[in-house]
Amino acid sequence: MDLFALYQSRIADALSALFPQLAETPDVLRRFVVEPPRDASHGDMSTNAAMVLAKPLKSNPRAIAEQLIEKIKEFEGVESAEIAGPGFINMRLSASVWQNVIAEINATGTEYGRPKDAPAGKVNVEYVSTNPTGPVHIGHARGAVFGDALASLMAFSRCDITKEYYINDAGGQIDVLAKSALLRYREALGQNIGEIPKGLYPGKYLIPTGKKLADQFGDALLNMDEAEAVDKVKSIVVDSMMELIKADLAKLNVHHDYFFSEKQLHGEDGDIHKTLDWLREEGLVYQGTLEPPKGKTPEDWEDREQTLFKASDFGDDTDRALVKSDGSYTYFAADIAYHRNKFLRGFNEQIVVLGADHSGYIKRLKAAGKAVSDGKANVDVKICQLVNLLRNGEPAKMSKRAGTFVTLGDLVDEVGADVVRFIMLFRRNDAPIDFDFEVVTAQTRDNPVFYVQYAHARACSVFRNAKRDLPDLDISLDALQKADLSVLSDPAEIELIKIAAQFERVVASATEAHEPHRVAFYVHDLASAFHTFWTKGKERPELRFVNLDEQTITLSRLALVNAVRQVLANSLGILGVSAPDELS
RNA sequence: GGUCCCGUAGCUCAACUGGAUAGAGCAAUUGACUUCUAAUCAAUAGGUUGCAGGUUCGAGUCCUGCCGGGAUCGCCA
């Protein structure tokens, strides 16, 4: 149980008893927070309840605080409380409250930090969704890691989550892909294809696909009309690209539950058709012309009547085209249908992870989500900023056109999945990252991945040493749970426990905000606190974990170390980063 | 020009959705290794949170207007 949530609810109960009139406005009892104060000298927990309630109660904060504090002082585990500043109430908890956290962590293990109850509703996280025209490149790595970690975080928080990949297999780029593959097919049959013509994909990754086509069709495609051949091989080529993509993602330990093909939305009986009919009935589709963009009118602008969706009714800046001049649907039309499809599959919460170049797309996606669900579905678009790849300080060039881009697979092969994942998550998703090969592969403090994993390995090494030095001492998990935790009363120990005890609220807030980076920063903090405590044992030998003369204390300390190790492991588990027992 | 994101210590970034004296790391200076792994730790120093207003008990956070950087801008996906 999250201690901060526990005291929040106790204070809310106390307030209801003190001020019965609050029953009419129950919301205000959820608006105040109980949190660790920024300044440790203010105590263990702080609440702004009196200030938040001043207005609804038409009273002043100090007066409310004075009534409330009497109740708080009676709470179990509260050692003292005082009013500070404009009306904060600061509490100090007894050591046993913190010591019990150790017991709870060791008792619940990998389950520690998970909320008791599952939130209602199904959540869909859509991420990566790169065009199936080649391997995944670096630009998509961040979205892949972010989406995967977010899904993992939410699953840890007991959300009913589906990880989804939207395959853009219906656009014109698929024809180009198929033509490029047919070229490689002719190459596989021994023809000299020379330079890859402009406009086709030159990448060597299509060579195996060409061979596969040669194996399957022999020379049957050679005399065929190109359009016909393209039709024949399209889905085979897309499948083979998806295999490539899945293999790259697997190297990063990124896996999706569900692959959704855009193609299936098209056609007479497809979702686009049905969705547009439905929108028409709702009066959200009309024939009309759009205003040119404000300020800058494109030179070739001409007013043209087209089929439009009333996106502006749902917060978008303008209405959006649904049908191209050649009669086919726009990408956005498919997207609307896709969001309706998700809604009909039961996803009231839809998270879409996109690259920075799609930031202009957010409003229309949110509008589509609202429109196709009568406002019941919520679409949250998470934008991942660019990753600047550096090597020796120089920007590492990537170019898909030249066919020499660094793929995700190349990157993972070079630095490892743990490094890629942690570095991508050790930053807010909407801030750009400099990814420097030199830094992220160094085994020093500069490298946060290493720093955190080292803390976990150190904790494990304590157990190896205890086993070696005290072979007769039972240090099994059972024994740790029977350890006397009351001896863990040194301020240095309590400080470390306090950091560990914040894990639950970090998980809760990261889940709510859809921000897995908070877990990454937290685990770094916890590692730091552990390293600090470790070094204290050098200055003050009585704080060392393994004490040959005092086995009781050793056992208690091991309980502490195991708890910290467990929280490190649980945090890393959420991020999909390994927690090694020792470093090589 | 419209829209969105960003602007915080010399550098790279946090700041728990409005809380108290804005925090870490790097770089700089000083100190701790016959080590429970110094692959680490401690201390010092570093700030008008781009600028100017506004909202309120209280603003890095919300609102308005500027300045600077990036992304995007009717049928690409």
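Protein chains get the first letters and strands the later ones, always in sequence-line order, with residue 1 at the start of each.
- Residue A:Thr289 is classed as having no contact, given no heavy-atom separation below 4.0 Å to the nucleic acid.
- Residue A:Glu35 contributes atom CD, which lies 16 Å from atom P of B:A22 at whole-angstrom precision.
- Taking 4.0 angstrom as the limit, A:Tyr331 places none of its side-chain polar atoms (N or O) nearer than this to OP1 or OP2 of B:G74.
- Across B:C62 and B:G19, the matching C1' atoms stand 14 Å from one another, rounded to whole Å.
- Residues from residues 498-507 of chain A that place a heavy atom under 4.0 Å from any atom of RNA chain B, listed by number: A:Arg505.
- For a distance-only test at 3.5 Å, the side chain of A:Ser528 fails to qualify as a donor-acceptor partner of the base of B:A24.
- Within the 3.5 Å criterion, the main-chain N or O of A:His524 finds no donor-acceptor partner in the side chain of A:Ser528.
- In this structure, A:Leu543 and A:Asp169 both approach RNA chain B, and ranking their closest nucleotides by distance from the 5' end singles out A:Leu543.
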**Fill in**
Going 5' to 3' through nucleotides 9-14 of chain B and flagging B where a protein heavy-atom sits under 4.0 Å of the base, S where only the sugar-phosphate is that close, and - otherwise, we get ---SSS

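- A donor-acceptor contact closer than 3.5 angstrom is absent between the side chains of A:Tyr454 and A:Glu582.
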**Complete:** With both pairing distances under 3.5 angstrom for Watson-Crick or G-U wobble, and | for a partner in another strand, the correct string for RNA chain B is (((((((..((((.....[...)))).(((((.......))))).....(((((..]....))))))))))))....

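- Separating the CH2 atom of A:Trp534 from the P atom of B:C41 is a distance of 12 Å, rounded to the nearest angstrom.
- Looking only at distances, no side-chain donor or acceptor of A:Asn429 sits under 3.5 Å from a matching main-chain atom of A:Cys384.
- Under 4.0 angstrom from either OP1 or OP2 of B:A77 there lies at least one side-chain N or O belonging to A:Lys324.
- At a threshold of 4.0 angstrom between heavy atoms, the contacts of A:Ala513 include nucleobase atoms, whether or not backbone atoms are also involved.
- Closest to the side chain of A:Val462, out of B:C36, B:U72, B:G74, is B:C36.
- Distance OH (A:Tyr522) to P (B:A15): 16 Å, rounded to an integer number of Å.
- The base of B:A20 lies outside donor-acceptor range of the side chain of A:Asn48, with no N or O pair under 3.5 Å.
- If you look at A:Phe260 and A:Tyr165, their ring centroids are not closer than 6.0 Å.
- Contacts of A:Gly87 with the nucleic acid, taken as non-hydrogen atoms under 4.0 Å apart, are absent.
- Residue A:Lys55 has its side chain nearest to B:C57 when only B:C57, B:C76, B:A20 are considered.
- Rounded to an integer number of Å, the gap from CG of A:Leu53 to P of B:U56 is 19 Å.
- Comparing B:A22 with B:A59, their C1' atoms sit 12 Å apart, to the nearest whole Å.
- The side chain of A:Ala84 lies closest to B:A20, out of B:A20, B:U21, B:U17.
- Nucleic acid contact class of A:Glu302 (heavy atoms, under 4.0 Å, all strands): base.
- With A:Arg364 contributing its side chain and A:Phe332 its backbone, the two residues share no donor-acceptor pair below 3.5 Å.
- If you take CZ of A:Arg544 and P of B:C33, they are 13 Å apart, rounded to a whole angstrom.
- Using a 4.0 Å heavy-atom cutoff across all strands shown, A:Lys363 reaches sugar-phosphate atoms only and no base atom.
- With salt bridges taken as basic N to acidic carboxylate O contacts below 4.0 Å, one links A:Arg428 and A:Asp430.
- Between A:Asp316 and A:Arg320, at least one side-chain nitrogen of the basic residue sits less than 4.0 Å from a carboxylate oxygen of the acidic one, meeting the salt-bridge criterion.
- Side-chain rings of A:Tyr127 and A:Phe146 stay apart, their centers remaining 6.0 Å or farther from each other.
- Taking side-chain N and O atoms only, A:Ser461 has a distance below 4.0 Å to OP1 or OP2 of B:U37.
- Between A:Arg458 and the phosphate of B:U37, there is no side-chain N or O to OP1/OP2 separation shorter than 4.0 Å.
- Each of A:Glu582 and A:Pro36 lies near RNA chain B, and the nucleotide nearest A:Pro36 is the one positioned closer to the 5' end.
- Spacing between atom CD of A:Glu539 and atom C1' of B:U40 amounts to 12 Å, rounded to whole angstrom units.
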